[in-house]
Amino acid sequence: MSMKKDKHITMREAKERTGLTSRQIRYYDEQNLIFPARSKGNQRLFSESDLQRLLKIKKLLAAGNSIETIRLKMKTPQAKEIDPYAQLSEFEDSINDYADEELDSLYPVSNRFALLKKLTFNDHDINDQEFEEEN
DNA sequence: GTTCTTACA
DNA sequence: TGTAAGTA
């Protein structure tokens with residue numbers, strides 16, 4: 001999951017690849033949710049991580065989270081490098097994001113992440129269920 | 001032509 | 001958030 005070349009991405013490409021408006025992108029920047037570099041002409045130079053963040057922000061916003069919540073939830077890129085637990089936390093959040101989606105039944109398992117969440121983070125739910133021995 | 005900041009609705 | 005103005 002490593003990001004390759006942090007090539008400079010223009011505002012145009014950022015808009016195209018995230019589906020966000022330039023207004024929204026600048027606003028999220030103003031809210032310190034992304035930290036794009038700047039060219040000599042003060043133009044924003046986005047990195048691949050900035051793009052991923054924007055997509056993440058879009059998802060969290062759509063899920064009803066506030067800017068403040070998102071800021072805390074995502075922390076800063078620098079913090080993630082320093083704190084190993086930040087990455088673990090991010091992974092769990094990622095799992096939860098997927099698990100929030102519909103899970104009709106376990107057969108077939110159409111959403112592995114949802115199943116993983118059920119088995120990993122909701123022990124109480126599982127204990128409440130009645131499993132019939134099938135083996 | 002595109003992006004940036006500031007400001008108003 | 002959209003849009004207009006004046007720049008770079």
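What you are looking at is a predicted structure, and each value in this text was computed from that prediction instead of being measured. All values below were derived from every heavy atom in this structure, side-chain atoms included, with hydrogens, water molecules and symmetry-related copies excluded. Proteins come first, then strands; the chains are lettered A, B, ... in the order of their sequence lines, and each starts at number 1.
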Notebook entry, point to check: Counting N and O atoms only, with roles assigned by atom type, does the side chain of K58(A) sit under 3.5 Å from a partner on the main chain of T18(A), one being a donor and the other an acceptor?
Noted result: yes
Next item on the list: State whether D50(A) and R17(A) are salt-bridged, where the test is any N-O pair (Lys NZ or Arg NE/NH1/NH2 against Asp/Glu carboxylate O) under 4.0 Å.
Entry: no
Next item on the list: Between Q43(A) and L61(A), name the one whose nearest nucleotide on DNA chain C is closer to the 5' end.
Entry: L61(A)
Checklist line | dA8(C) - base-pair partner by Watson-Crick or wobble geometry, distances under 3.5 Å | finding: dT2(B)
Margin query: Taking any heavy-atom pair under 4.0 Å as a contact, classify K15(A): base, sugar-phosphate, or nothing.
Written below: sugar-phosphate
Item checked: Minimum-distance pair of heavy atoms, taken over all atoms of I9(A) and A14(A) -> CG2-N, 4.0 Å
Check: dC4(B) P sits how many Å from R38(A) CZ, rounded?
Finding: 6 Å
Check: Atom CG of N42(A) to atom C1' of dT2(B): distance rounded to whole Å?
Finding: 14 Å
Checklist line | Of E30(A) and E13(A), the one whose closest DNA chain B nucleotide lies more 5' | finding: E13(A)
Next item on the list: Round to the nearest Å and state the distance from M11(A) atom CE to dA8(C) atom P.
Entry: 19 Å
Notebook entry, point to check: Hey, quick one: are L55(A) and L60(A) part of the same hydrophobic cluster, counting side-chain heavy atoms closer than 4.5 Å, chains of contacts allowed?
Noted result: no
Notebook entry, point to check: Looking only at side chains, do S49(A) and R53(A) share a donor and an acceptor under 3.5 Å apart?
Noted result: no
Notebook entry, point to check: Between residues 17-28 of chain A and DNA chain C, which residues have a heavy-atom gap below 4.0 Å?
Noted result: T21(A), R23(A), Q24(A), Y28(A)
Checklist line | Spacing between K40(A) atom NZ and dT7(C) atom P, to the nearest angstrom | finding: 24 Å
Checklist line | Check: Q31(A) and Y28(A) side chains under 4.5 Å, non-hydrogen atoms | finding: no
